[in-house]
Novice: 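Can you read through this structure? Questions will come right after.
Positions are given from 1, in the same order as the sequence printed here. The figures that follow rest on heavy atoms only: side chains count, while hydrogens, waters and symmetry mates do not.
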Amino acid sequence: MALLNFRKKPTDGQATPASPALQDFLKGYSIEVMPRTAEKVEDFRDLLPEGTRVYIAHIDGTPIEDMVATAKRINAEGFEVMPHFPARIIKDETTLADWIARYQGEANVKQALLLAGGVEKPHGDFHCSMQLLETGLFDKAGFTQLNVAGHPEGNKDIDPDGSRKNVMEALLWKQKFSERTDAQMAIATQFAFEAGPIIKWANDLKDAGVDLPIHIGIAGPAKLQTLIKFAIACGVGPSLKVLQKRAMDVTKLLLPYEPTDVLNDLANHKAANPDFNITQVHFFPLGGIKTNANWAIENGGENTAPVNMTKG
């Protein structure tokens, strides 16, 4: 199984159509943006299918005003908006309530991704997503979708010993929480590059009693150097070694990575196992939003046709 797929020009000048399984697997995909990357997109309707969920990553130091303005703009273009709520950069419950009120009042936001956040030292009272859930503020505000983070390759911040004990305990807690809230919940994961370990991780979760739907994180098309940079920053483990090995081959260093192989493998597994708990793809557009969206358009058939293409 190839871990990384590099674009090759078809010999007949025509691109090979994506398989029906891959087209089905890409249906309803989500994508992640930041205020500064969203600004580069003139109109998301030129790139994304109707109803696409757009996550807005909240990086430490980004003013809440910029986050809300981005959410308002994307909502106005007709897309579902899911901003990040990183626990460690939220000072206290009053701040959390203010953020929720701003998002709802100005951008009609009813969805959130709750996560610990990438900073080492909490800015205030919160250090994990479970504390955010325990405030009850999202339920009180009538949020309809509350997603939480997942880590197919583990998370050294949560389990410094390299095990998955604490991560699993947290997901089991969130599973129980999902059973007592009106909101829908799902696990949105960090990106990974190999289907086999992803499938095993997903099956292990289900066997342990976690049956929340999984939205699998996939890195979109990007230069290999870009992927390595983000993999290091995001704490991606085994996959990083694969990227570093590839980077030693100069002939491949300059070619763009595409997620075709890993997604084909996952799509084929899903087609053969309809009850498989990975239900959607979540893209990290590390090589750019337009590049990622265009790859999805080329590989998803009617399922990924952008709004303005279907209405034009």
Novice: If you take the centroid of each ring, where Trp contributes its six-membered ring, are Tyr103 and Phe85 closer together than 6.0 Å?
Specialist: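 Under 6.0 Å, so yes.
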
Novice: With heavy-atom distances below 4.5 Å as the criterion, would you say the side chains of Asn294 and Ile297 are in contact?
Specialist: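 Yes, at least one pair of side-chain atoms sits under 4.5 Å.
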
Novice: For Lys72, does the NZ atom have more than 12 heavy-atom neighbours from other residues, nucleotides or ligands under 6.0 Å away?
Specialist: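 No, not enclosed.
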
Novice: Around atom CD of Glu65, are there more than 12 heavy atoms from other residues, nucleotides or ligands closer than 6.0 Å?
Specialist: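 Enclosed.
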
Novice: Under 3.5 Å, is there a donor-acceptor pair between the side chain of Glu77 and the main chain of Ile74?
Specialist: no

Novice: Are any of the side-chain heavy atoms of Phe143 and Leu137 separated by less than 4.5 Å?
Specialist: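 Contact flag for Phe143/Leu137 side chains = no.
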
Novice: Scan the side chains in residues 211-222 for donor-acceptor partners under 3.5 Å anywhere in the protein, sequence neighbours excluded, and list what turns up.
Specialist:
residue, atom, partner, partner atom, Å
Asp211, OD1, Gln175, NE2, 2.7
His215, ND1, Gln280, OE1, 3.4
His215, NE2, Gln280, OE1, 3.3

Novice: Side chains of residues 55-63: which donor-acceptor partners sit under 3.5 Å, not counting sequence neighbours?
Specialist:
residue, atom, partner, partner atom, Å
Tyr55, OH, Asn147, ND2, 2.9
His58, NE2, Thr62, O, 2.9
Thr62, OG1, Ile59, O, 3.0

Novice: Got a donor-acceptor contact below 3.5 angstrom from the Arg73 side chain to the Ala38 backbone?
Specialist: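 Indeed, once roles are kept as given, a pair shorter than 3.5 Å links the two residues.
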
Novice: I need the minimum non-hydrogen distance between Ala21 and Ala271, along with the two atoms involved.
Specialist: CB-CB, 4.2 Å

Novice: Could you go through Phe284 and Gln190, starting from their C-alpha distance and side-chain angles, then the distance that decides it, and tell me whether this counts as side-chain contact (heavy atoms from CB on, under 4.5 Å)?
Specialist: CA-CA 9 Å; Phe284 292 86; Gln190 183 57 274; 4.1 Å; yes

Novice: Arg45 side chain to Val307 main-chain N or O, any donor-acceptor pair under 3.5 Å?
Specialist: no

Novice: List in chain and number order the residues that pass side-chain hydrogen bond (donor to acceptor under 3.5 Å, both in side chains) with Asp98, two or more places apart in sequence or in another chain; answer none if no residue qualifies.
Specialist: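 Expected list: Arg102.
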
Novice: Any side-chain heavy-atom pair from Val262 and Phe193 closer than 4.5 angstrom?
Specialist: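 No, too far: nothing below the 4.5 Å cut-off.
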
Novice: Looking at Gly287 and Thr291, what are the two nearest heavy atoms and their distance?
Specialist: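 Closest approach of Gly287 to Thr291: O-OG1, 3.5 Å.
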
Novice: Keeping to residues at least two apart or across chains, list the ring-ring contact (aromatic ring centres under 6.0 Å, His included) pairs with something in residues 104-131.
Specialist: none

Novice: So, the side chain of Asn273 versus the backbone of His269: is there a donor-acceptor pair under 3.5 Å, distance only?
Specialist: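 It does hold such a pair.
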
Novice: Check for a donor-acceptor pair, side chain of Gln104 on one end and backbone N or O of Ala141 on the other, with a separation under 3.5 Å.
Specialist: yes

Novice: Enumerate the salt bridge (Lys or Arg N to Asp or Glu O under 4.0 Å) contacts for residues 266-293, please, sequence neighbours excluded, ordered by first and then second residue.
Specialist: none

Novice: Could you pull out the closest heavy-atom pair between Thr52 and Phe79, with the gap in Å?
Specialist: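 That closest heavy-atom pairing would be O-CB, 3.5 Å.
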
Novice: Check Gly209 against Leu172 and note the closest heavy-atom contact, atom names and distance.
Specialist: C-CD2, 4.4 Å

Novice: For residues 165-189, pull every pair meeting ring-ring contact (aromatic ring centres under 6.0 Å, His included), keeping only residues two or more places apart or in separate chains.
Specialist: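 Checked against ring-ring contact (aromatic ring centres under 6.0 Å, His included) - neighbours excluded - the pairs reaching residues 165-189 are Trp173-Phe177.
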
Novice: Heavy-atom distance under 4.5 Å between the side chains of Thr304 and Asn299, does that happen here?
Specialist: no

Novice: Asn264 versus Phe25: any side-chain heavy-atom pair under 4.5 Å?
Specialist: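 A side-chain contact is absent here, since even the closest heavy-atom pair is not under 4.5 Å.
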
Novice: Please walk me through it: do Gln145 and Lys110 pass side-chain contact (heavy atoms from CB on, under 4.5 Å)?
Specialist: CA-CA 7 Å; Gln145 182 81 32; Lys110 298 178 181 178; over 6 Å; no

Novice: Tell me whether Glu42 at atom CD has more than 12 heavy atoms from other residues, nucleotides or ligands lying less than 6.0 Å away.
Specialist: no

Novice: Taking the side chain as every heavy atom from C-beta outward, state whether Tyr29 and Leu48 have any pair of such atoms under 4.5 Å apart.
Specialist: yes

Novice: Do Leu113 and Val167 share a hydrophobic cluster (ILVMFWY, side-chain heavy atoms under 4.5 Å, transitive)?
Specialist: no

Novice: Is the CG atom of Asp207 crowded by more than 12 outside heavy atoms at less than 6.0 Å?
Specialist: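 Yes, enclosed.
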
Novice: Would you name the heavy atoms of Asn277 and Val210 that are closest together and state the gap between them?
Specialist: ND2-O, 4.4 Å

Novice: Decide if atom CD of Gln184 counts as having more than 12 heavy atoms of other residues, nucleotides or ligands within a radius under 6.0 Å.
Specialist: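 No.
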
Novice: When rounded to the nearest 0.5 angstrom, what distance separates CG in Asp265 from CD1 in Ile199?
Specialist: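 Result: 7.0 Å between the selected atoms.
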
Novice: Using only atom types and a distance under 3.5 Å, with no angle test, would you say the side chain of Asn303 pairs donor to acceptor with the backbone of Gln23?
Specialist: yes

Novice: For the residue pair Phe283 and Ala296, what are the closest heavy atoms and their distance?
Specialist: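 Heavy atoms of Phe283 and Ala296 come nearest at CE1-CB, 4.5 Å.
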
